[in-house]
Amino acid sequence: MNSLRWMNQLPGYVIAGIIIIAIVWLVLLYKRIAGQYTPKTACLLLIPKILIFIMLLIAFYDPVISTVTIPEDANRLLFVTDTSSSMFVKDAREDRYSRAVKIADELRVKLEDFGIPTKAIHFQFDNELYDNTKRKLDNKIRPTDLGVTMASLSQNPQTADLLGLIMLTDGGDQAMANTALPSCPMQIVGVGTNPNLWNDLAITDVQCPTSAEQSSSFEIVADLRAFTGGLGSKTDAESFKDKLNEIKATLKLKENDGYKTIATQKVDLSQSRKRITFEIKAPKEPTTLRYKIELEEIESECSFLNNSRDFNVQIEKRNLNILMFTHSLGWDFNTLRRTLDADPAIALTAMYRTFSSNASGTANFTVQGQRQKGDELLSSGFPDGIDTLNMYQCIILGSFEASNFTVEQIEALLQYVKDGGAVIFLGGPESFGCGGYASTGLSNIIPWQIANNEQSLRRGFFTVSKPATTSQQSFGLELLADSKLQIESINVPGPLKPSAISLLDVHLTATAQSIIALQQYGKGQVLAIASNTLWKWTRSPVGDLSLAETTKMYNSFYTQSIRNLTDSADHQRFISIDWDQEHYNPGTTAIAEITVAGKFTNSPIRFDAKLTELNVRSNEGVVKTIDVQPLAGTRNMHQLQIPFDTKGLFSFELQAYSADNQPIESYEHLFEIGPQFNEGANLAVDEAFLSELAVQTGGQYYNEGQLELLAAYIKNKVVGKARRVEKSIIQNNYVYLIIFIALLMLEWVIRRRVNLI
C-alpha cells in the first residue's frame, strides 16, 4: 500500500509568495516575447520555463512516497495437518481430513481477499512429522502422537518468523504433559463434530492397575457407551438402537503374534451406558501382559476405531509391607488379618496387646506374621520413631482409645503420613470421637470433623450406597451400584472435611452419612471405615447379593484399597520409588523420588541406575547411565530424571548399596514410551486440551466454524509485522534529475532555433 506525503520545510505564505511572483514574472515575460515573435513561438519559448518552475516548486515541497510492506520471510503460513487414521472418520458429510484441507484453502483465499498474499508451507503428521505433502497414505492404521509432533516442530527451523503456524487436528486420543513446544504461537483448529450426532459404540474408559504383583488377582473395568444420533436421520438412529440389547464384549490377551480370547460378556447398551468388569489372575512370574477389550461391530457405526482398547499390565515381584496394630482382638481385626494373609503380594505384620500390663506396669505386645530386620522395637509397642514406621507402606489401626498412644507415637504417625505413608482407621466402639481422638493430633488426618461428644456406636441394619462423587479409583465396591447391601453397625463421627471424599454412605433419616472416607494428608492418604461389622459380609449373604459376592467384595475392598493407597510408589523392602506419572510420551521427562526406609534411613546409600533401550527382537540395546542425586532438605530421599526423546521399550534398573558397598535392594521397571491408547480410542475432539495446548504456545483454539476469527487474527498479525518505508522522489530518484536536465536542454534547443543563442 503506497501513499504520497509532502515534506516542505517552508511556511505556506512563503510558497504562496513565490508562486505569485513566478506567475507575474511569466506573464510579463510572455508579453515581452510576444512583442518580438509570433504567439506560437512565444508559447514555445515559455513552456520550458513553466515546466522548470514546476519542477523547482516540486523540489521545494520534497514529495515522499510512503510504502507499507510485509517482510518477504514473514508471509509464510505453515499448515500442519493431522493425517492419522481418526482424521478419515466420516463424522459429517465429509471425513475430517477432507474438511481440514478445505479449511486451509479457504483461509488462504480469505487472506488474499484482505490483500494479504501468503506463501503456504504444508506439513503432515501422525506419529511423526512430515514435510512432504505428496506422501502417499496407505490403509494401515496411523496412530497420533502429538508429543513427537510438538517436539519436532520445536526443533524445526522453518517455524521461525512465520506469519502463522496452523495445526488442523482432531486432537489425538490422550492429553500430553511436560513436552517441548514450538517457539512461535500455534493456532489450533479442532476438526470433528459432536459425538451425540453419531451412531457409534465406544469404549470410553478402561480402569486397571498399570502393575500388579505376581500370583495376585486384579480387576479390569471398562466403561462402554452407545451414541444414537443417526447423523441427523431419525430412522437410522432408531434402527441402530434396535441392535444394542445384546452387544458382545471380549477380553483378549496377546500371545506371540496374535490375541487369545480369555473372557466374553453380553452387554445391554440400550440405556447408552454400561460398566463391565473382568477379574484376572496374574501369572506366577514377572512379565508384561498386553490386553485388548473389543466391542462387537455394528455395520452402521460412525467408526470401528473406538470399539477396541489396548493396554498393558506389568506383573512385578513386589511385596507390600503392612503393619496391623490394635489393643484388643475382635472379629473385624481377625477377619481382615486372614484376608490380607491370603494375598501373596502382601507381607503382613500383626501386633496386639496380649493383656493390660505385667508386674512392672508395662504393656506386653505380641508380634506375628512377616518380620523384617529392624522391627525388633515392635515388641515394646507401637513405634514412636519415623524410621521404623517407614518400613511399612500401610498401617492399619484397630479400635482402641487414643490415650493408648504417646505424644511421640502420634507425632511419628503424623510425620509418616505427611511423608507419603498410608493409614487405615477401623471403626468400632473406641474409634474416632468415641475413642478420644478429637483431642489429639490424629484428628487432623481423620476424614471427618470428629468431636469428643460423638454418639456411641449405633447398631441395626443400615443400607449402604455409593455416593455420586465417589473416587475414580476402583476400591472393589463396584457391585454396590445395583445392590441393597447392609451393615449392622456404624460410627457417627460427624460431617466430612472439605478435603475428604466419601466412598460409601448410609442414609440416616433424610441425610446421608459417610461411613468410608478417603483424605489426602501431605503426600500420604488416610482411609477411615466407620463400622466394625464389614466382616459379616464373609459369613452370610446380605441384601440381594450371594455369600460368594459379598465375600468377594469384602476381600476386594481391602486388598484393592491398600493397593490404591500405596499405588503412587513402587515399594521394595528398604526403598520406594515414586514416579511423577504413570505413563510417558516422547519428549517428556520422567522424574522419580527414591525414599530410603528402615535401618538404612540414616546410613549413606549409593545408587547405580541405568536405562536400556530394548530391541524387541534381540532384547538388547543402548545402555545409558542415570544420575541419582540426594534431594535437598531431606535426609533419606533422592531424585532422578530420565528424558525420553523417542518412543520404544526401555528397561530401568536400580541397585542400592550400603556404605560398605554391600547390595541392599534392586529394582526394575519397564517403560513403554509412546501413545497410551490405540488410534481412535477417543474420537471426540478434546477442545479443552487443545485450547490449553494452543495457549501454552501463545496461540488460540478455533473450531471448524470459526474460520473468520482465525483469518481476522492473522490479518491483525500482518498489521503488526508491516513496515513503513519512505523514499524521497527528489533525493532518491534519478528520474527527477533526468527530467530537469531534459527540460533545460529543451529550452536551449528552442532558443537556438529562434536564434536567441
Side-chain angles (χ1 to χ4, degrees), residues 1-77 108-120 161 163-164 711-757:
M1 183 182 296
N2 298 333
S3 61
L4 184 65
R5 196 157 62 93
W6 304 93
M7 302 292 290
N8 59 299
Q9 303 297 322
L10 295 175
Y13 64 86
V14 175
I15 298 296
I18 292 173
I19 293 174
I20 292 172
I21 292 171
I23 292 173
V24 172
W25 175 73
L26 288 172
V27 170
L28 294 175
L29 181 61
Y30 175 77
K31 288 182 178 181
R32 185 170 67 84
I33 296 174
Q36 300 176 11
Y37 301 96
T38 62
K40 181 179 180 182
T41 302
C43 289
L44 192 62
L45 288 170
L46 194 61
I47 287 174
K49 297 183 185 304
I50 295 174
L51 295 175
I52 290 172
F53 170 73
I54 293 173
M55 293 292 288
L56 291 173
L57 189 63
I58 291 173
F60 273 118
Y61 273 91
D62 191 14
V64 170
I65 295 179
S66 180
T67 305
V68 178
T69 62
I70 302 174
E72 292 184 2
D73 60 348
N75 68 341
R76 297 178 302 125
L77 274 179
R108 290 192 61 195
V109 171
K110 287 184 180 295
L111 292 176
E112 290 174 359
D113 291 341
F114 289 146
I116 305 172
T118 58
K119 178 182 178 182
D161 202 13
L163 180 59
Y713 168 85
I714 296 177
K715 178 186 177 183
N716 292 334
K717 190 172 182 181
V718 170
V719 174
K721 282 182 169 286
R723 301 174 184 174
R724 183 178 293 276
V725 179
E726 295 184 338
K727 291 185 178 181
S728 172
I729 296 177
I730 306 300
Q731 301 177 28
N732 298 300
N733 200 328
Y734 290 108
V735 175
Y736 177 87
L737 183 60
I738 293 172
I739 294 174
F740 189 79
I741 295 174
L743 289 173
L744 292 175
M745 292 178 64
L746 177 63
E747 184 183 19
W748 183 85
V749 171
I750 294 173
R751 290 174 66 85
R752 177 84 176 182
R753 291 208 172 204
V754 296
N755 296 318
L756 289 177
I757 297 178

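For the atom pair CG (Asp113) and CZ (Arg108), the distance works out to 12.5 Å, reported to the nearest 0.5 Å. Put simply, CG on Leu743 and CD1 on Ile47 are 11.0 Å apart, with the number rounded to the nearest 0.5 Å. The distance from atom CD1 of Ile23 to atom CG of Leu28, rounded to the nearest 0.5 Å, is 12.0 Å. The distance from atom CG of Leu746 to atom CD1 of Ile52, rounded to the nearest 0.5 Å, is 8.0 Å.
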Would Val27 and Lys31 satisfy side chain to side chain contact (heavy atoms under 4.5 Å, CB included), going step by step from the backbone distance to the final call? CA-CA 6 Å; Val27 170; Lys31 288 182 178 181; 4.1 Å; yes
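Counting all heavy atoms, side chain and backbone alike, Leu163 lies closest to Leu77 at C-CD2, 4.3 Å. Scanning all heavy atoms of the two residues, the minimum distance from Leu111 to Ala711 falls at CD2-O, 3.8 Å. The two atoms that bring Phe53 and Ile19 nearest to each other are CZ-CA, 4.1 Å, heavy atoms only.
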